[in-house]
Amino acid sequence: MEFGILGPLEVRDGGGHRVPLEGIRQERLLAALLLNADSPVPVARLIDAVWDERPPATADRQVRNLAGVLRRRFARADPAGPPVLLTDGGGYRIPLDGHRLDARVFTDLVAWARRTAAAEELAAAAAGLRKGLALWRGPVLDGLPGRLPAAGAVGLDELRLTAWEDCLDLEAALGRHRSTIPELTTLVAEQPLRERFVGQLMRALHLSGRTADALAVHQLFIGRLADELGLDPSPELKRLHLELLTTEPPGADPRAAAVRASAVRAAAERAAAGHRAPEHGATEHRAPDRRAPDRRAAGGTASRPGTRGRAQTGGAGPGRTVAGAGVTVPPPAQLPPPLATFTGRRAELAALDEFAATAFAGPGAPTAPGTPTAPAAAPIWAVSGSAGVGKSSLVVQWAHRVRDRFPGGQLYADLHGFSAGPPLPAHAVLARFLRALGVPGEQVPSVPEEATALYRSLLADRRVLVVLDNARSAEQVRPLLPGTPRCLTVVTSRTRLAGLTARDGARPLVVDLMPASDAVALLDRVIGGRRALSEPAACAELAAVCGRLPLALAIAASRLAERPDLTVADQAAELRDAEDRLTALQIEGDAASAVRAAFDLSYRALPARARNVFRLLALAPAADLCTAAAAALCGERVVAVRPVLEQLATAHLLTHEGRDWYRMHDLLRLYAAERATAETDPAERTAARERLYTWYLHHADAAARLLTPRRRRIPLASAGSWYESKGFATAAEAQRWCEGEHAHLLGAVRTAAEHGLDDLAWQLPVVLWGYYFISPHLDDWEEADRLAVAAARRAGDRHGEGHARNDLATALAARGRYDEALPELQVARSLLASVGDQVGEAHVIGNLGLHSHHTGAHEQAREYFLQSLALLLAQPDDNRDDWAIGVCWTNLGATAMLTGRSEEADTYLHRALDRHRLTRDVVLESLTLFALGDHHRRLDRRDEAAARLRQALAVIDGTTAHPRLRADVLAALAELGEQPDLGDRPDHGDRSELGGRSDAADRSELGEPAVGPAPGY
């Protein structure tokens, strides 16, 4: 057998076929044995591994049963192979003799490679380590929750990293510096505080002639080390830094030595004077040699103090004369070419046009002499949006459209705010701009403030468009802003740059996902009209699968353009079904253009806390989430989590949708899930999910207490100290919350079942009974209850299964599927009776009465209702269920009405109505009023019938807006010839007027006698 734990748990037979495992408990048991392969593991430790801190009383027996199941499964998979699972003393052991475990192969390869390296066989040692590293498919036991996988992963993960470091040291010793740079760049991004990787990358860059980049890596690392840990780098890294400053890489320009020596002297002088050395990375110019005599400008004018480096303007024309050279420099035209496939964005282009027109409308209306006027502000656009949304292509497209309005030229710089390397310092950009404006390189001021002042002086009488692309922060941008209203600046960033708006008067423009029509038009433009027009539906689907993200659309379209045989439908299906959609959305040989790479840059720029919250949000059951639910995921209070959500929204990794809701783009959600799998401990992921589903459970319980007051509730475990309870004021408010969270509640049930949280998976639908009973979402009600039944069975909870089956029968009956409901009720009655829950059994008996009621067996229904009532009345006071007693009275009244017992019907219905009004149960009140209206109608008391029906309609419209009952009330009023004034009803959610028509209304149309809706139990 072949076992894999370096990634998701995997078992294969001798032929390489996967051996499936059944359930998380089998997986945890096998994982515990494999982490201790060749050694016996006591049953007590296996119990801890399978159940963590909450083992059942039968845990010992269950572990032995699980071991037996695994042993038989392995024997069937490989009958001729050696034994796999042995009983050893008081536990079990997996011997590796004759079997293969990837972790053991990895550790053996690492040990062999280190011995080989000690024998100076470096190439062979490096190859051995590469072979071992290739065994890893992901984190140890990836996706398997529990404390044991997390603990077992620590040693192996550390060995993996040290082996990787050893391997890269060997590669460096073999002279393979340049080839390891991409790998090291990724490793440093993933392990930003691992100093050995940082030093290896610095050395590789330096020896590849990229010393400036190496110094930038060092600067980024020491800043992060100080900010996050408050530490200084090790002496080894300090020595490496000094070595990079004082030595030349092989083949370097010898003139660079003097520059480097000058930089070292300057740094030493500043250190001695107590000043901080300038940041490394400003590599666009050399510092001027202060020992050289003053240079003379053309015409013999000396450079005076305070004006050093300023170019002579040479007149008012667009060209400028370079100081000391007599060469006219044309206006800069630095814009990159516009994107050939640019499509749409009409609204954004119009906004940019309007802003430019307003900014340059003229100096304003004339004023009287001496009248003070406020100075005009320099116009700035701050264009922001998520990675891949097309900010840069939009701005470049617009800049080319308006370039003629800027005779002074167009300056452009990619600030690398979100790039693989560090952000470009403002001083380096200023050096570029100043040279483009005619300043000789040697006259560019070395002091940043002086460079900014010279830059603004040169732009003072020009009309220049400045495009600052991919900015990291407002601080990076401010030194590059012109000081004159004659120039216009457009900044793009993945963050909102709110500081630029607040302090510098920038106007914000958020670039959102492409509209669906623009997304299809982009596909049409790239792949050609005939193909796109021939598959309009497939194009729309492909746009949806790509999340209408321009980068993803462009990648998908490029693949179609390269493969004329591939239909749009094929491409859409491939992406829709891809297990790893982000991997599919990349261009071969151009990893930097991949959607994942774009997201990586935004993610890595976040602080550690924001990264953690971003990862946890991927565990939510839907793409959108309210702030309180997000706080539950994190196990914190809302006040602590809200600023982090805003931080993510500012970085365009979330979209703020209304007062307290946030949404994550589909592709970003896939990326966040990847990062959660790779970086968040499995036990932490499980705990986060459990907190979120517990939050939904307790909020749903609070809603149920208003929708079905006094109905007996199942006991719930208390939530943690992080939980902030929800107080609903009215039943309508409770229903609105349930309706607003409807998709999330069903998603919580689904994902709780998927991840083995079976108690929560059956409790949540049972708690939601009161909401589902009045909800139009009958399909979802049935699905939730089927999931609840399966979860309770997996958990071995007969009591929970009985409640879930009873609720499932109610959901099936609401859809008119009585034949399917009956066996569920029979099993539920047996289960609840077996655990001694007489109140629960009475509920089921009442629902058996409803089954007879709806199928026309009214006398049998009456007998069931009387049995249920007798069982409920026999309960002691501390177990009394007044709610169910009231339901029995309503149903007995409705049945008596149909069996000709009019006095009995009147007695039961009025007794029930008084009870429901006393307990403020608006659902039962409206149902009983409807039954009274039908009772009076059958007695031909039409005025009384209409009055009761109007009362029922008023209760419904004023509270829960029960859609199915409302449809029946309106139908009954219409039958009486009444035309009620519906007026304006309160909005209780997105409901169709007829979307909840009951089974009774359907049967009336078929000519059968209507029995009316009846409350279930």
Side-chain angles (χ1 to χ4, degrees), residues 185 189 212-213 215-217 219-220 223 278-285 332-337 378 380-399 409-437 444 448-449 451-452 455-456 459 464-483 487-501 503-504 506 508-511 551 592-593 597-606 650-652:
T185 302
D213 291 336
L215 295 174
V217 169
Q219 179 188 349
L220 184 64
E279 296 179 347
H280 295 298
T283 59
E284 291 301 319
H285 65 281
Q334 297 182 338
L335 295 174
I380 308 166
W381 259 117
V383 180
S384 65
S386 66
V389 83
K391 306 175 294 295
S392 299
S393 58
L394 164 69
V395 167
V396 170
Q397 183 78 14
W398 176 80
Q410 306 89 44
L411 294 170
Y412 172 89
D414 181 350
L415 303 183
H416 295 289
F418 297 87
S419 300
L424 199 60
H427 193 209
V429 181
L430 283 169
R432 292 183 183 179
F433 285 178
L434 289 171
R435 291 198 300 272
L437 293 168
V444 171
E449 291 79 5
T452 298
Y455 167 69
R456 288 174 178 161
L459 295 183
V464 174
L465 174 64
V466 181
V467 178
L468 303 174
D469 198 10
N470 195 14
R472 181 65 168 267
S473 64
E475 289 74 15
Q476 185 189 22
V477 167
R478 283 197 180 99
L480 305 173
L481 297 176
C487 297
L488 187 149
T489 305
V490 185
V491 186
T492 75
S493 179
R494 296 188 186 186
T495 68
R496 290 180 189 158
L497 299 181
L500 210 60
T501 303
R503 284 186 49 188
D504 304 280
L509 174 65
V510 176
V511 181
L551 176 59
S593 297
F599 291 164
D600 264 331
L601 297 173
S602 293
Y603 173 73
R604 301 298 177 192
L606 295 171
T650 297
H652 292 288

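Scope of the values below: all heavy atoms of this structure, side chains included, with no hydrogens, waters or symmetry mates. None of the values given here were measured: they were computed from a predicted structure. Positions are given from 1, in the same order as the sequence printed here.
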Exam field: side chain [X] to backbone [Y], donor-acceptor pair closer than 3.5 Å:
X: Gln476; Y: Leu415; result: yes
X: Lys391; Y: Ser386; result: yes
X: Arg456; Y: Leu481; result: yes
X: Tyr455; Y: Leu434; result: no
X: Ser384; Y: Arg496; result: no

For the atom pair [atom1] ([X]) and [atom2] ([Y]), what is the distance rounded to the nearest 0.5 Å?
X: Leu411; Y: Leu430; atom1: CG; atom2: CG; answer: 10.5 Å
X: Leu488; Y: Gln410; atom1: CG; atom2: CD; answer: 12.0 Å
X: Leu459; Y: Leu437; atom1: CG; atom2: CG; answer: 5.5 Å
X: Arg478; Y: Leu468; atom1: CZ; atom2: CG; answer: 13.0 Å

### Message
Quick one, Phe433 with Val466, criterion side chain to side chain contact (heavy atoms under 4.5 Å, CB included). Give me CA distance, side-chain angles, the key distance, then yes/no.
### Response
CA-CA 10 Å; Phe433 285 178; Val466 181; 4.2 Å; yes
So, for [X] and [Y], which heavy atoms are closest and what is the spacing to 0.1 Å?
X: Pro479; Y: Thr452; answer: O-CG2, 3.3 Å
X: Asn470; Y: Phe418; answer: OD1-N, 3.3 Å
X: Ile380; Y: Asp504; answer: CD1-O, 3.5 Å
X: Ala378; Y: Pro482; answer: CB-O, 3.8 Å
X: Arg494; Y: Leu601; answer: NH1-CB, 3.7 Å
X: Leu497; Y: Ala471; answer: CD1-CB, 4.5 Å

### Query
Does some side-chain heavy atom of His652 sit less than 4.5 Å from a side-chain heavy atom of Val510?
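Heavy-atom side-chain distance check passes, below 4.5 Å.
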#### Entry: Audit row: Val490, Leu465, side chain to side chain contact (heavy atoms under 4.5 Å, CB included) steps and yes/no
CA-CA 8 Å; Val490 185; Leu465 174 64; 4.2 Å; yes
### Query
What pairs with Thr650 under side chain to side chain donor-acceptor pair (under 3.5 Å), at least two apart in sequence or on another chain?
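Here no residue qualifies.
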#### Entry: Qualifying residues under ring pair (Phe, Tyr, Trp, His ring centres under 6.0 Å), relative to Tyr603, sequence neighbours excluded
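So Tyr603 forms a ring pair (Phe, Tyr, Trp, His ring centres under 6.0 Å) with Phe614, Tyr671.
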